[in-house]
Q: 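Supplied in structure tokens, the structure appears directly below.
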Amino acid sequence: MSHHLFLLSPSDTPLYSLTHQSLKPAQTVTSPLAANLPTWSTSAFAGTLTALSGASSATQPSTGSGPTRVGGGQDRHVIQMIANASLDAIEDVMRKDSAMYLKAVDKFNDWTVSAFVTPGNMKFLLLHESKNDEGIRTFFMDVWELYVKTLANPFHSAHTPIRSAVFDARVRASAKKYL
Amino acid sequence: MDTNTFASLAQVQILLVPVGAIPQATFEKYASGIRSFETIRLSDIPADHKDEQANRFMPSPLSTGSLQIRFPTHPPPQTHLPLSLLRPSHFPFAVIGIASFPQGSSPDPLAAQLDAVISDMFPERKGLWPLRGVRRVLAFEEGDNQTQSDDQNQNTAPPPPSVSVIPSFMNNKKLYIGTLVADLCSQILTSFGTVAASLESPVGNEYLNSALMPQLLLEDVPLPLSEGTPSRPDSTISLPPSSSQPEFSRPFTLSAAPGTLKRTSTTTSPYRQSSLMIPAAKKRISTIGMSSPLGRLYKMLGDFYLLSGRTEEASKWYSEAITVLKSNSDNIWYASTLEGLATAAVIDAWSAGQGLHSSTATAKEPWGHIGEKLGQATALYHKTSTPDFETASLLVYLYCLCVLRHTSLYFAIWSAKGWGPLAFTAMLHPGPKPYLPPTLAHDGSRDWVTLERLSHISNVSRSTISSILSNLHGPWLLHLGPRERIAVLESTASIYSSMGFKRKEAFILREVLGSLMDLIVCGRDEDGMSQPNGAALQTGGLGIHNMTPGPNQSWGGVGVRLSESVRGNESILFVLKYLCRTLGINLEAVKLHAAPEDPSSISDSALITQYEQEETEVFQEPFGWPELQVGIIREAVAVAEALPDYPSVAQFSLSALKTLRPYLDADDQDRLHAKSVESLRVAVRRGDQRCIEYWSGKPVLDVTLAPLPTIRLPIEKPLGMLSSKDNSVPLLLQGGTDPFLYNPRRAQAGKTTSLVVQNEPLEFLVTLTNPYVFDLELQHLSLSTSGVQFETQPMHYFIPANSTMDVVLTGKPVETGTLTVRGCFVQAPGGLMREFILPLNTAEEVDRITKKRNSLACEFERHKYWGIESFPWQKAGRRESTQMAIPSISSFKFLQCKVVPEQPLLRIRRTTITHGALMLYDGERSSIRLTIENISSHPVDFLRLAFDDSTQGPAQRALAEGDLSVFDTYEMEYKLINAPVFSWNPEEVKVIAPNQNLTLTVDCFGKVGCTNGTVHISYSYTERDESKESGMFYVRQVSYPLAVTVYHMLECHAMDIAPFPSYVNNADFHGRLKSGKRKDLALDDSWGWCLFSVEVRNAYGLPFDVTFSRIGDGKAVASTSTTIPPGSMSRIILPIRKIILPEEAINKPIPTLSDRQFVVAKSDLTKAEQKVQQELFWYREELLKSIRGEWQETGGVRSGVLSLRDQRMTMHMLEAVRLEAAKVELTLVSREFEEPILMVGGRYMPLPNQFVALRARVENLVDEPVVFTLDVDVDPSESIVFEGILSDVPLGRLEANEVRDFCLGICFLSSGRFELSAQARPFGIPHLEARTARASIIATIVDS
């Protein structure tokens, strides 16, 4: 089961992203509708469609639950598209809701999107497959703290990509702990 | 295309097809006329009483409901046939052919044509729908009304029953058409009855339950209304062989024989109002098909009732169906029933609200139960497993439709601000185009406030809608056929778009594009396959390589496209651009222009705006998701390539390169660039007129004028300078230090425009930059100039990757005046030319840009807007921060050159020096000759030589420092001016005609310390009209540098001046002198001389002859020479005349040769000392004038002067050289009576112990009367006796030139040598006191 974390600047530019493979087994229920998908065409455009609709992950051999899907089996591009698309829902919710943690704010192609909006309008997006509200909330708080520490760097602005190895290591540790 | 209306289940579809030759516009016109009958009141439907058997769906005359009708123009595809029972509303029940026929012709063949059309559409006649016979041709007659009677006559012959002629003269066509439609509806309802009846039969029910999606295939169903075949002889029941479970694989046909129908009809209750008879019917039906559950049948009946507009019955039948289907877990049918039920509820609400015209706000959320039903249906569809591909496709289609229905319920409520008539209108809207509620229809309705207000009013949040809609999306979309998939995705995208969820919309649009492009590519593949090889070969020359971007597909052959249709390309590209914009990519950052336009037509203000944008582009905030953007750009390029639309390929690639450069890696940059180049080439080859503007940002950083070569550089001088008198002060000594701290003239001096010459080549250094990883090709690079005409050749240039470099652009101004360089024209291959302006970096300009940048830097990273709204193009309409506003200016200063008229050009043709080196001895004088040639077509009538050497600089610096003594200053200035290294004779100058030579002689003087020198030849052509007009002339310079070596060889030391010795009076000596070598030195007069002596040392390795001469009247009158061997030193002695300078000459201060101002006398000498100094100075000057030292190489030809200027003059020397105030003559005379005193060798030889007289004759040489005193000295005085006093003997006042004698008697007391001397001193006149005159004689006393 994989998690995808994105830290987005207010102009929707990712400053940091992380793909985390959790050891917990995925508990997705695939719909019978998604079985036996046909291959219509071999053109590249059909490939786009396959990827975007999430079929490429569904047609993966779903024999093993966890370990076989290491690497996500997901097109990174599609994950990013989903994360980007979910910003619509997040923006909608965050205008009405002052809470920072927006849990399961959007769902798309088996992915649940949880978000965390900092007062500085940074958005932390987490794409996950299973429900783990409390863990995700704790994880987000951790990331927030780490982010605030990074932001304390006077040379760091709201648009500077985060390349700190320490930040990365700590986020990974936190992800391992809570996700 | 299908529109997924919410109430599609309740809508009767009537297919509109064109019949015969009818223009599309005409068809659309009539079709829209027909489409205005969206609903038909049940009471308007004529009841057909001819056959009572099938009339149970007929409305009662008084019923209040209405029939919903939809008029599609396209039939559902063949693959949807399995849905014919499950979803009857999906199919058209009737067909209206629309035909137009010219007046006078017969509409008869139209019926047959319609049949043909239908059989073409439904080729295998397998479908249940459209029902046979329920078809009608509306033949619109074209033409005017004048042949009315003829028409009447012609139409008297009744047209076929299925053809309704609408004459052109008919006034109320609409009413007529309405009647026709109602009539058609009546037929449809009747046919429902027939179908229902056949299904009610046990066999029918069996088939109904036979499969997941059973089909009822009617072969020639003898419908009651199709009058042509009331009973066909061959229409027998062809049931499959006695099996209650028919094979699934085989299409199951139910051939409804008349007998069967009759039988059914007998059992069917002929009630028109069957609502009360449901239990009866149920009971009755249950007796028929016992073997299979009746759920599906009930559901079918419900469907029919719903279609018939009788929701009450429909709901009842549906409820019945649910109970059965639920227990059977017949998921699809159950879900479909739920959908029907939901539709019925909405229809109910609609008809209720129709009368009320107000929103029914009784319940909190009246739509809640409807939504629940649909949600349930969605879940049921979702759970269903699929046995095979085909069914799966349809199942997914149903699922998607259900989700869309569910979504559109909420969406309609949301967009209509709640549950009300507007929402019902939205849900029931049947038209061919999607219905956009008025709340969203106007511009500017997509901002958050408006959308959120809708949510607030309607109590439906957007996220609710979104979450329902997101159910639709999943891998199963791949099951759908392309057409359905596109339709479903389009509906999804439009809902997202309407809700303002742009990014989700973009996501879906990508899929839509993917599906479309897949179809295009696959379609093309099939085309390519179907081409015979011969054709490919024939057109091979024009064929293009298939641009299919499949990475792992290799196309070996030549893809041939015979005729390429570009229809639709534009729309696809539009969608592409739209979705890219949502993701923050501006695919049109580089614009396409329809036709090449003249770059000069762009207005200056536009250029300035561009310039300012480019200046501040640094502060472009990042926006969007770069990684995604790069991915989408790749796809966009692939899409444009696959269409193919070559200019767009280039546009997208280049836009990406322009806007996304920091994020594109090297490979991508290379690929995109290569693609753009390639596709532009193809576009040109294909004659595409569109052109792409210049794209690579700002490639030109700077333009500067390369400095002209010094020989070509013109220098402007006012004409008045020629006529003005020569300045007495040599230029060498002018302009030392500037006394002003700030000299505005000097500040101005550096900023004058450069001068260039007409018709001579100019070079400009253009700094180009290329930030990309590939070599940037500039097809055209030229200067943009204004002002005078400038001839230049454009360049083709490659800027190497990732580099900044200078390029030289040459050109030639062909007029005089001001040449302004505005910037550069740049053109990339296949693109448009673009002008980049490059203002000068003046202080104001730099200041302005800095200010602007600072203000931007201030706003940088402060975001008021986020997400999509932070994209740069969204900022256009927003209010800018006012305090940051920098006034933009409308004009700039550009690089300017002043073009002056053509000038002559000289060159040095030859010189007499070899290797450019000059070797001189110290003080040597020689000359060199320079031959100059005029290589231009203009004469040179002005020529001046100026010189520079290495001794000047240090001297000038020392002078400028000003801490030298007055004397030293004079010496230095004297050397600079009077002893220059180079000099020339201005008399040699004459006009040099074109191509003529002139030889100039330059005199050289060896000056120790000189190491190099330069001859500057300034010349001009002044006598011309242009000069007279402008009052200016232009001077050019040729310089000839020389290396100079000066050998130091003779040194002068110890100059001295001694009084003349007494023996000069010796006649023997004179005699010897005159006969000897140095006869020149012989003196005519023994008085008034002194002796000059100097030591000369030869420090060189060669002997030199040295000659010192006395100058009289400007020429040498006497000289003394000697040869000084190397390393030795000789003393040179020369008698010179004593000098007397007038008082006023002595009293002048030491002059300065320059006119330097502010020379403050720094000496702290007393007046007396100063006087002495002046006296020394002037006498020295006089002395140096009277002596000339010269040398010559012994045995050689080289000669020069020996300077004594280094020698100092002392007071002692001054006294020696100065002429006395009086002339004193001493003689020893004897008494008158005695013999005169013997003189031997100039000595007196008086006798001892005898009185002799010592006579001193004093002559006043001063021009005024002077009182003299005389002192007489005798030595040794003890051996002499004398008479009177010896000292301070008053001589009295002597007039000028008066002579007075004084006699003193003396007696020598012993033999020996006596020296007698006298000095006459002027008395009482201070300035004469020093000029004491002396004389002495020697007497030798010999004992006799």
Side-chain angles (χ1 to χ4, degrees), chain A residues 6 8-14 17 30-59 76-77 80-93 95-96 105-110 121 123 157-161, chain B residues 381-386 389 392 395-396 399 448 452 462-463 466-467 470 473-479 482 496 500-504 506-507 510-511 513-515 517-518 521-522 548-551 553 583-584 621-628 631 635 638-639 642 861 863 866-868 870-871:
Chain A
F6 297 100
L8 299 184
S9 80
S11 60
D12 290 0
T13 311
S17 62
T30 46
S31 160
L33 286 183
N36 294 328
L37 289 174
T39 46
W40 294 98
S41 159
T42 50
S43 86
F45 297 108
T48 307
L49 184 68
T50 313
L52 285 178
S53 65
S56 60
S57 67
T59 47
R76 184 168 173 72
H77 192 72
Q80 290 177 348
M81 278 301 283
I82 293 172
N84 187 55
S86 70
L87 283 171
D88 276 329
I90 292 167
E91 280 180 11
D92 186 40
V93 174
R95 296 217 209 206
K96 290 181 281 187
V105 72
D106 196 17
K107 267 188 121 133
F108 210 83
N109 276 9
D110 294 346
N121 208 351
K123 298 180 194 74
S157 77
H159 294 290
T160 321
Chain B
Y381 281 127
H382 196 66
K383 271 195 290 189
T384 316
S385 59
T386 50
F389 278 144
L395 180 62
V396 171
Y399 171 74
W448 187 77
E452 197 51 41
R462 290 192 290 159
S463 43
S466 161
S467 66
S470 71
H473 199 269
W476 46 83
L477 284 176
L478 288 184
H479 274 304
Y496 275 134
F501 280 15
K502 300 250 178 201
R503 286 167 279 214
K504 288 199 187 289
F507 191 106
R510 274 190 83 176
E511 290 176 292
L513 272 186
S515 309
M517 293 313 297
D518 189 33
V521 171
C522 293
T548 312
Q553 284 174 305
L583 288 159
E621 289 181 35
F623 54 90
W625 196 307
E627 217 176 320
L628 272 185
E635 188 173 293
V639 166
E861 299 189 338
H863 27 261
W866 70 80
I868 290 179
S870 72
F871 293 169

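Residue numbering restarts at 1 for every chain, and letters A, B, ... go by the order of the sequence lines. Bear in mind that the values here come from a model prediction, so they are computed numbers and not experimental data.
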Q: Does the pair D88(A)/K504(B) count as a salt bridge with the N-to-O cut at 4.0 Å?
A: no

Q: Sort out for me which of R462(B), E635(B), R503(B) touches chain A most, counting heavy-atom pairs under 4.5 Å.
A: R503(B)

Q: Check P14(A) against G624(B) and note the closest heavy-atom contact, atom names and distance.
A: CD-O, 4.1 Å

Q: Just one of S466(B), S467(B), S470(B) clears the side chain to side chain contact (heavy atoms under 4.5 Å, CB included) bar with F108(A), so which one?
A: S470(B)

Q: In terms of heavy-atom proximity below 4.5 Å to chain B, should N84(A) be classed as side chain, backbone, both, or neither?
A: both

Q: At what distance, to the nearest 0.5 angstrom, does CG of D106(A) lie from CZ of F501(B)?
A: 8.0 Å

Q: Between E91(A), R95(A), K96(A), which has the largest tally of heavy atom pairs under 4.5 Å with chain B?
A: R95(A)

Q: Closer than 3.5 angstrom, by distance alone: can the side chain of T13(A) be matched with the main-chain N or O of W625(B) as a donor-acceptor pair?
A: no

Q: Run the side chain to side chain contact (heavy atoms under 4.5 Å, CB included) check on R76(A) and E627(B) step by step: do they pass?
A: CA-CA 10 Å; R76(A) 184 168 173 72; E627(B) 217 176 320; 3.2 Å; yes

Q: With a 4.5 angstrom heavy-atom cut-off, could you sort out which part of L8(A) is near chain B: side chain, backbone, both or neither?
A: side chain

Q: Check whether L583(B) gets within reach of chain A through its side chain, its backbone, both or neither, counting any heavy atom under 4.5 Å.
A: side chain

Q: Determine the option with the most heavy-atom pairs under 4.5 angstrom with chain A, choosing from H473(B), R510(B), E511(B).
A: H473(B)

